[in-house]
Amino acid sequence: MTGKKKLIIWMGFITLLVCTAFTVWGDTDINPGKWEITTETQMAGMPSQSMTHTQCITAQDLVPATYG
């Protein structure tokens, strides 16, 4: 691979990272309040499984907590 191709690939990768970062840090459409969050897992050859929990999301903490 030539140096010019490597530079183009790296510039594309960096551009993708920057665009993703701005999307993540951008304004969210999540409203504070009581939320019901359902997670469904599907795997080949296995029955699907789902888990539901409720959580109060405040304006100071708009990212839902992780449960494991």
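Values below: all heavy atoms of this structure, side chains included; hydrogens, waters and symmetry mates excluded.
- Considering all non-hydrogen atoms of both residues, S50 and T38 come closest at CB-CG2, 4.4 Å.
- Expressed to the nearest 0.5 Å, how far CD of Q42 lies from CD of E40 amounts to 4.5 Å.
- Atom OG1 of T54 sits about 5.0 Å away from atom NZ of K34, to the nearest 0.5 Å.
- The line from CD1 of I9 to CD1 of I14 is 12.0 Å long, rounded to the nearest 0.5 Å.
- Taking OG1 of T39 as the reference point, atom CE of M51 lies at 5.0 Å (rounded to 0.5 Å).
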